[in-house]
Amino acid sequence: MPTLATLVLSDARFPGGGHVHSGGLEEAVARALVTGVGDLGTFLHGRLRTAGLVAASFAAAAVVAAGSPEPCWAALDAELDARTPSAAQRDASRAQGRGTLRAARASWPSPVLDALVAAHPRPHHPLLVGAVVGSAGGDPAEAAQCVAYLAVSGPASAAVRLLGLDPIAVNAAIVAMAPAVDEVVALAVAAADRAPADLPAPGAPMLDLLAQSHVRHHREQVRLFAS
């Protein structure tokens with residue numbers, strides 16, 4: 001049975017959770033790369049098996065670190081940075097982590113969180129999720145499943161808002177991804193005990209480019225409104 005911490009962290013109402021970031025979906029919509037539920041499913045599958053697998057693997061490894069007498073938080077943080085070449089994606093992950101940290105410290109105060117923050121004051125979101133789940137008694141599979149789910153549910157929620165898609169159809173598309181999510185979770189759990197440098201590192205160049213383009217367009221719009 002999943003811990004309450006895992007369920008709360010997966011909830012869209014949790015402050016600073018994974019649902020606050022579109023994962024490149026907003027720019028994909030702007031470029032007409034995603035126009036409906038079918039396109040959305042393709043986008044979500046691609047994100048799950050790349051950025052989602054990386055995030056799930058590091059969340060699972062963070063659970064292992066949370067139970068270790070000498071957790072390798074700094075190494076995990078550096079390796080996740082190295083697997084996130086887009087500055088926009090790194091900033092988004094740390095912003096989500098920082099938002100989640102504030103709520104997590106209020107709900108699950110723990111020396112584990114203190115140690116993670118000592119390694120970096122703005123921890124990556126997957127590491128924060130793994131640290132919370134681990135300190136709350138959860139296992140690597142729970143943290144990996146939580147992060148894998150957020151990797152697809154966040155962009156899916158954005159698609160409903162941006163494209164006016166039927167929420168029921170979008171939810172059905174997410175549920176249809178259950179076998180793919182299970183596969184990603186299994187891969188993440190299998191890698192959880194590895195050294196940080198040996199964790200999975202699939203690339204997602206298109207997601208990186210979409211994220212950078214979105215930030216650039218946002219800055220241009222800010223300059224236009226300010227002028």
Side-chain angles (χ1 to χ4, degrees), residues 10 12 17-61 79-96 124-127 129 141 143-191 199-218:
S10 302
H19 291 274
V20 301
H21 182 48
S22 75
L25 190 280
E26 190 167 350
E27 187 67 17
V29 168
R31 292 171 177 262
L33 299 175
V34 175
T35 60
V37 175
D39 296 334
L40 176 63
T42 301
F43 178 92
L44 295 179
H45 271 277
R47 188 167 198 278
L48 174 65
R49 294 185 179 279
T50 53
L53 174 56
V54 170
S57 298
F58 276 81
E79 290 294 338
L80 185 48
D81 245 15
R83 288 161 175 74
T84 315
S86 163
Q89 297 278 42
R90 291 196 301 274
D91 289 345
S93 176
R94 292 196 184 279
Q96 289 174 268
H124 281 291
H125 184 253
L127 298 183
V129 169
Q145 188 172 48
C146 174
V147 171
Y149 169 70
L150 291 173
V152 295
S153 61
S157 297
V160 173
R161 182 180 71 254
L162 295 168
L163 291 169
L165 300 179
D166 178 4
I168 295 176
V170 170
N171 188 71
I174 293 176
V175 172
M177 295 181 66
V181 171
D182 289 345
E183 181 181 349
V184 164
V185 170
L187 291 171
V189 172
L199 291 171
M206 180 57 73
L207 290 178
D208 295 331
L209 292 172
L210 289 173
Q212 291 301 124
S213 180
H214 177 65
V215 169
R216 184 174 66 253
H217 290 162
H218 177 70

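Since the model is a prediction, treat every value here as computed from it, not as a measurement. Atom set for the values below is all heavy atoms of this structure, side chains included, hydrogens, waters and symmetry mates excluded.
Smallest separation of non-hydrogen atoms from Ala188 and Leu53: N-CD1, 4.3 Å. The two atoms that bring Leu199 and Ser57 nearest to each other are CD2-O, 4.4 Å, heavy atoms only. Contact record, Val147 with Ala59: CG2-CB, 3.5 Å, taken as the closest heavy-atom pair. Looking at every heavy atom in both residues, Pro202 comes nearest to Thr50 through CG-O, 3.6 Å. The minimum heavy-atom distance linking Val185 with Ala148 is given by the pair CG2-CB, 4.3 Å. Across all non-hydrogen atoms, the minimal contact from Ala141 to Val189 is CA-CG2, 3.5 Å.
Panel note: side chain Ser93, backbone Gln89; no donor-acceptor pair is recorded below 3.5 Å. A donor-acceptor pair under 3.5 Å links the side-chain atoms of Arg47 to the main chain of Gly23, judged by distance alone.
Leu48 places a side-chain heavy atom less than 4.5 Å from the side chain of Met177. In this structure, Pro200 and Val54 have side chains that are not in contact, with every pair of non-hydrogen atoms separated by 4.5 Å or more. No side-chain heavy atom of Gln96 sits under 4.5 Å from any side-chain heavy atom of Leu150. Contact check for Arg94 versus Asp81: side-chain heavy atoms found under the 4.5 Å cut-off. With contacts defined as side-chain heavy-atom distances shorter than 4.5 Å, the pair Tyr149/Val181 does not qualify. With a 4.5 Å cut-off on side-chain heavy atoms, Pro155 and Leu44 count as touching.
Here CG of Leu25 is found 7.0 Å from CG of Leu163. Values are rounded to the nearest 0.5 Å. Here the CD-CG distance, from Gln212 to Leu209, works out to 8.0 Å after rounding to the nearest 0.5 Å. Going from atom OG1 of Thr84 over to atom CG of Leu207 covers 11.5 Å, rounded to the nearest 0.5 Å. To the nearest 0.5 Å, the span separating OG1 on Thr35 from CG on Leu165 amounts to 9.0 Å. With rounding to the nearest 0.5 angstrom, the CG atom of Leu127 is 11.0 Å from the CD atom of Glu79.
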Test log, rule side-chain contact (heavy atoms from CB on, under 4.5 Å), inputs Leu210 and Leu33: CA-CA 11 Å; Leu210 289 173; Leu33 299 175; 4.2 Å; yes
Trace of the side-chain contact (heavy atoms from CB on, under 4.5 Å) decision for Phe58 with Val129: CA-CA 9 Å; Phe58 276 81; Val129 169; over 6 Å; no
